[in-house]
Number of protein chains: 2
Amino acid sequence: MGLRERKKEKTRLAILDAALDLFLEQGYESTTVEQIAGAVEISPRTFFRYFTSKDHLVLWFHDHGQEIMLETLASRPADEPAFTSLMHAMRAVLNDIASSTPDETERFLKLRRLMEAHPRLVGLSVARGAETERRLVEAVAARRGVDPEEDQLSHLIVAFASCTMRVGFECPRRDATVPEITRRMAETIELAERSLLPGWDR
Amino acid sequence: MGLRERKKEKTRLAILDAALDLFLEQGYESTTVEQIAGAVEISPRTFFRYFTSKDHLVLWFHDHGQEIMLETLASRPADEPAFTSLMHAMRAVLNDIASSTPDETERFLKLRRLMEAHPRLVGLSVARGAETERRLVEAVAARRGVDPEEDQLSHLIVAFASCTMRVGFECPRRDATVPEITRRMAETIELAERSLLPGWDR
DNA sequence: GTAATCTATGTCAGAGGATGACTTATCACA
DNA sequence: TGTGATAAGTCATCCTCTGACATAGATTAC
């Protein structure tokens, strides 16, 4: 990685951190891109070269998680039931969080606090989830050897999996720690698996 | 309903119809509020008094469906398993569509075509769904006599139900008719019920 | 029927998000 | 060290959305 690349990554994170702090301090809506840009001493135009929109600041985690899920899914044995594979993919996302640096963890927790304070942002993330689902459906349908357009079960498997993930992330405690969130998530996965008929996702 | 009210409702629908047609003709993004307002001969400012945002045009159906779901849920026997009640609520939405006037049906089908062409709008609707879910969770938790903050199962029941609905609405045929959509939906409901353990939602 | 009131609409000004076109600065590599 | 690539800044502009204020039209009361 050249100097240029490293510098870009540093700027990216600087923008993200400045934005998260400003959002938590004075609210999402009332923070302008101009302020964020000012805080990291770049022009507003440059901000939009790092993040496609103000909303995009909130979606970096989702994008990151999606990548891990797709990778994990591809690495699971093809004959494993699809829902099981998806639950593994989900756990991989958790493991990634658990094994990240303190800086990354802090960002993650700040993002969670932000979303708790601003339900609209949860919606944003969920909306992005719909996009992710389409890709997951394709992967699942391919594994199951069916046409993703026609096979409803593939859609249902992915939909159930992704909403299990969503429910797991909703932690009642205001300032939940990473281990607490992980535990909650594990509970939700277990609950989902106990609710579904064995072999339903074959 | 006074003259004033009726006139307002007429304007509302005129805006909606003009917007849907423009969107389908020339795309969502490339249609401006100014154009829509021009088409129904009102000022852009007035547009925003009828719809809180351009996006809001696309959410009227969701809001309508949500209302029906909440009403139906309230009218179901309290001892019925929650998921079953939610499936009934969903069917009530379908019945409403099936029994609506030709104008309303046309609007619904146009909206579907629009969403097919613009995945972002699907995300929008899904995001609104997250908001709806919160209300449904409260209703379900109340019926089950548990704390909505603590009880994960209530969350999971609602999440599974609402994504069953979403999968059901996704119809592969480009220009599906209402009966086709209804049939598809019924199939999805059946599939979901067959996948879940009897009594999981008690 | 007219006055008083309420409310829907229009006009205007402006903030904030986002993008394109163009220029300037900075880095990378020969 | 010079040259090409690319990151960043500047400027202009579009579009969404909001607040403040004025006006026209409907509703109600007398």
Side-chain angles (χ1 to χ4, degrees), chain A residues 1-60 63 114 118-121 123-125 127-128, chain B residues 1-20 22-23 25-60 63 114 118-121 123-125 127-128:
Chain A
M1 221 201 247
L3 176 74
R4 222 161 192 165
E5 294 278 312
R6 261 178 296 151
K7 203 178 160 191
K8 263 178 79 171
E9 190 55 22
K10 232 176 84 183
T11 309
R12 241 189 71 82
L13 293 176
I15 295 173
L16 193 53
D17 287 333
L20 282 175
D21 287 339
L22 283 168
F23 290 160
L24 287 170
E25 236 173 78
Q26 54 184 36
Y28 181 79
E29 305 293 350
S30 31
T31 303
T32 67
V33 169
E34 205 179 345
Q35 279 181 297
I36 300 167
V40 282
E41 297 183 299
I42 57 170
S43 77
R45 188 67 184 82
T46 298
F47 170 89
F48 286 107
R49 290 201 180 96
Y50 280 90
F51 294 91
T52 55
S53 67
K54 190 177 155 186
D55 287 347
H56 189 204
L57 283 166
V58 173
L59 296 172
W60 108 94
D63 290 354
L114 185 63
H118 300 266
R120 210 207 119 229
L121 302 182
L124 223 64
S125 181
R128 190 75 147 216
Chain B
M1 222 200 249
L3 175 76
R4 224 165 190 163
E5 294 278 310
R6 261 179 297 151
K7 202 177 160 190
K8 265 178 79 172
E9 190 56 20
K10 230 177 86 182
T11 308
R12 241 189 71 80
L13 293 177
I15 295 172
L16 193 54
D17 286 333
L20 282 174
L22 283 168
F23 290 159
E25 234 173 80
Q26 55 184 37
Y28 181 79
E29 304 292 350
S30 31
T31 302
T32 67
V33 170
E34 205 180 344
Q35 281 180 296
I36 300 167
V40 282
E41 297 183 299
I42 55 169
S43 76
R45 188 67 185 83
T46 298
F47 169 90
F48 287 106
R49 291 201 179 98
Y50 280 90
F51 294 91
T52 56
S53 68
K54 191 177 154 186
D55 288 347
H56 189 203
L57 282 166
V58 173
L59 296 172
W60 109 93
D63 290 354
L114 185 63
H118 301 266
R120 213 206 117 229
L121 301 183
L124 222 66
S125 181
R128 191 76 146 217

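Only this structure's heavy atoms are used, side chains among them; waters, hydrogens and symmetry mates stay out. Below, chains carry the letters A, B, ... as their sequence lines are ordered, and counting in each starts from 1.
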Any R45(A) side-chain heavy atom under 4.5 Å of F48(A) side chain: yes
Any side-chain heavy-atom pair of L57(A) and F47(A) under 4.5 Å: yes
Overall bend - the helix from dG1(C)-dC30(D) to dA30(C)-dT1(D), comparing terminal axes fitted on five pairs, nearest 10 degrees: 20°
Side-chain heavy atoms of R12(A) within contact of E9(A), under 4.5 Å: yes
Touch class at under 4.0 angstrom, heavy-atom based, for T31(B) against every strand present: sugar-phosphate
Within-4.5 Å side-chain heavy-atom neighbours: H118(B) and F23(B): no
Nearest listed nucleotide, side chain of S43(A), among dG17(C), dG9(D), dG20(C): dG9(D)
Where Q26(A) and Q35(A) come nearest, the two heavy atoms and their spacing: NE2-OE1, 3.0 Å
Whole-Å distance separating the CZ atom of R45(A) from the P atom of dA18(C): 11 Å
Which residue lies more 5' along DNA chain D, comparing T32(B) with K7(B) via nearest heavy atoms: T32(B)
Rounded interatomic separation in angstrom, taking CD1 from I42(A) and P from dT10(D): 12 Å
Nearest-angstrom distance from the residue atom CZ of F47(A) to C1' of dG20(C): 18 Å
Length of the line joining E34(B):CD and dT18(D):P, which is rounded to integer Å: 17 Å
Can you name the atoms? Protein N/O to nucleotides 1-7 of chain D N/O, anything below 3.5 Å, with the distance.
unit_1, atom_1, unit_2, atom_2, d
dT6(D), O2, R4(A), NH2, 3.1

Length of the line joining R120(B):CZ and dA18(C):C1', which is rounded to integer Å: 13 Å
Whole-Å distance separating the NZ atom of K54(A) from the P atom of dT16(D): 18 Å
Atom of V40(B), atom of A14(B) and distance for their closest heavy-atom approach: CG1-O, 3.4 Å
Ionic contact status for D55(B) with R120(B), cut-off 4.0 Å: yes
Options dA8(D), dT18(D), dG16(C), nucleotide nearest the side-chain atoms of T11(A): dA8(D)
Spacing of F48(B) atom CZ relative to dG10(C) atom P, expressed in whole Å: 14 Å
Nearest-angstrom distance from the residue atom NZ of K10(A) to C1' of dA8(D): 16 Å
Min side-chain heavy-atom separation T31(A)-E25(A) under 4.5 Å: no
Phosphate OP1/OP2 of dG9(D) contacted by T46(A) side-chain N/O (<4.0 Å): yes
